2 protein chains.
Amino acid sequence: MNKRIRIKDIAERAGVSTGTVDRVLHKRGNVSQKAKEKVLAVMKDLDYEPNIIASTLALNRTLRIDSLLPDFTTDVYWQQPKLGMEKALQAVQHYGIINRPYYFDLFDTISFKKAVKKILDDPPEAILFAPIFLEESMKLLEECARRKIPVAMINTDIRNVKSLCYVGQDSYHSGVLGGKLLDFGLNEGEAAMILNLGKETSNAKHVINKEQGFRDYFTQNSSKNIEIVKSAFEDFDQQEELKNYIMEQLRTHQHVRGIFVINSRAYKLINCMESAALKNIKIVGFDLIQPNLEYLQQNKISFLINQNPVQQGYLGIMNIVGHLLFKKEVEPIQYLPLDIIVNENVEYYLQRELQFDLVI
Amino acid sequence: MNKRIRIKDIAERAGVSTGTVDRVLHKRGNVSQKAKEKVLAVMKDLDYEPNIIASTLALNRTLRIDSLLPDFTTDVYWQQPKLGMEKALQAVQHYGIINRPYYFDLFDTISFKKAVKKILDDPPEAILFAPIFLEESMKLLEECARRKIPVAMINTDIRNVKSLCYVGQDSYHSGVLGGKLLDFGLNEGEAAMILNLGKETSNAKHVINKEQGFRDYFTQNSSKNIEIVKSAFEDFDQQEELKNYIMEQLRTHQHVRGIFVINSRAYKLINCMESAALKNIKIVGFDLIQPNLEYLQQNKISFLINQNPVQQGYLGIMNIVGHLLFKKEVEPIQYLPLDIIVNENVEYYLQRELQFDLVI
DNA sequence: AAAACAACCGTGTGCGCACACAGTTTTGGT
DNA sequence: ACCAAAACTGTGTGCGCACACGGTTGTTTT
């Protein structure tokens, strides 16, 4: 195929005008059955593909994607999906895609509900959001399904309600992987702790899945008789209280030789541990945020599991755009790789985030 | 900014015609200094950005990117950069980008030189290639620099000659990482082998870098007194000879408890090893090709390091396109992450390769 | 039979830009 | 002063598509 097939070529071959071809193409206006069949046959024969460039120019439209993400001033982790989202938006700006961002307090459903109301009062073409609050998020999804607004989710997966897609990690298998990585540092008869430094209101399903995966790893794979200790502390921003809690936990569970921190806050754990304890305990955490990176470099953290938050934001937008503009089929569940990060390879992941704006 | 700024808006504001604005924009034809300054000032004031969509349509041009990759029938690894390249080409097809692919024999410089001649006899707008043969590749790069043909390299990095970019792995640090990953399975006083199942003619620099990185890891990080054993075998396609060689190597170096295979052919090593030996020796290899994946699943390979070959092909093309179409600055050296692959996370990397066509 | 309505269709215009071409102004030479 | 050439500029056209609008034909109603 040397020359791109145009609707003019289709029209000539089918013996109709370009207006008729356009009407068949867009299922618009009236076209006789006879003309329709002729046009469709020629399109198929010539393998016609619309010129998205010309279509975009002619349409001269603006499509708005509203985003609803946790406020990154509450938790630095959320700067990263925002970064990925912004880079994707930059890449597709010339297609007339614009964004209206909304933020909510990670620990306050009121702010989430307020933002949802604003979004639905002036509905966009599509929504990208992080479903931190299960019940409220399901309501948003149901309403969007009713209004046929495509929704892409990141970070947390909600099933049983229709959405365009989920882009994020598989929390169960991140728990399995955490088990595997901790296992390298464990000997026969020692104990491993799974530590949740998070609030009860957020991501309960994630927590359960990670723990289950972690336990299943040791049940099914490790022959070292490892005891699993579960631990959780909500007031992780209270330094003294957290320190007391950690010290007490380590005293109570003296066989613990590995800790799997299931949120991005492994650094808060390490802030509370004495050097001697750190030498004897391997720590596996999540996410390449600055305080974690410093401890990884100091080998106080053995592994970080990268949830690819930048890519979540990026691909969330790209999937929406692919659906809206290119009429692409979208895979409903898209798990991102569970990157294993050590001091020797972390640099490349950090560079990757910076280079995202090279992608069209 | 509610409405996109057009050249018409610039023209009105500067008191000239759109033809003059176009001439200033493209440094074409004649424009008086006075008009030029006015136009540039308005452009800057209004933060004008050309509409790439309209520009592409008006230009109605075809840009050809020639690719020069090793023949994937010789080595299955090379199917993957080809796949990434094809997906990128698909994504940018509507910009009028076409591809002419050339393939060469991985172990025969003649085929490479023949392909180079064909490319240069009918020069494309840009070239994507894998510089397997150092000397011949440098000649190609010098000629392209002379003719101002942008070249993107993947898999092997050639410095000191001008090119658009290199997208690939950092071979030194992949050696370092290999050392780290093997170190998990090693005890005091044991030995680690670095095994090269490759031909002398290919990628010598890569080999040297990986080995150096591997050695440096143990020198600088491991306190276990690990002896490093270097081993290489060229006739890796001769099953009996390879088996004899491996058996002899394992007899000679009985303290070897870990083997780092520095090409993608770890599976060939495992084909030659007896079950008993496999239980005592950890193996770290490269690349998610089918035979390796099977052994990873069977836990005969402990880790694979993913060189991201699909992404190399993909980003090689995307960088060229960004440069040609969007006049983007391209980062000259782009190292891809060194993914650590275990049985528990491999699935996500495989799925990622399949989903690439969702990206615009 | 005439009028009204619906189905159907072709034509024209515009989206923002690239660039060819012809007209106007300026400059240089005689 | 006159002429030719060069510099400069505005205008028109086309890229492929989306879609509004008016004209034609066929059908239904009066």
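Lettering of chains follows the sequences in order, A, B, ..., and the numbering in each one begins at 1. From a predicted model like this one, the values you see are computed outputs, not experimental measurements.
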Checklist outcome for this item: A/Lys34 NZ to D/dT25 C1', in whole Å, measures 14 Å

Checklist entry - Is the shortest side-chain N to carboxylate O distance from B/Lys118 to B/Asp66 below 4.0 Å? => result no

Item to check | Flag, side chain of B/Gln312 to backbone of B/Asn155, donor-acceptor distance under 3.5 Å | outcome: yes

Checklist entry - Distance only, no hydrogens: is a donor on one side chain within 3.5 Å (strictly under) of an acceptor on the other, for B/Asn319 and B/Gln334? => result yes

Checklist entry - Once you round it to whole Å, what is the distance between C1' of D/dC19 and NZ of A/Lys27? => result 17 Å

Checklist entry - Do other residues, nucleotides or ligands put more than 12 heavy atoms under 6.0 Å from B/Lys327 NZ? => result yes

Next on the checklist: Just the rounded figure in Å: distance from C1' of C/dC8 to CG of A/Asn30.
Outcome noted: 6 Å

Item to check | Donor on one side chain, acceptor on other, B/Arg352 and B/Asn308, under 3.5 Å | outcome: yes

Checklist entry - Given axes from five pairs at either end, by how many degrees does the helix from C/dA1-D/dT30 to C/dT30-D/dA1 bend, rounded to 10°? => result 50°

Checklist entry - Do B/Glu37 and B/Gln33 get their side chains close enough for a donor-acceptor pair, meaning under 3.5 Å? => result yes

Next on the checklist: So if I define the base as every atom that isn't primed, P, OP1 or OP2, how would nucleotides 13-20 of chain C read as a B/S/- string at a heavy-atom cutoff under 4.0 Å?
Outcome noted: -BBBBSB-

Checklist entry - Centres of the B/Phe129 and B/Tyr102 rings: under 6.0 Å? => result no

Item to check | is_close_aromatic(A/Tyr103, A/Phe72), centroid dist under 6.0 Å | outcome: yes

Checklist entry - So does A/Ser32 get a side-chain nitrogen or oxygen closer than 4.0 Å to the phosphate oxygens (OP1/OP2) of C/dA7? => result no

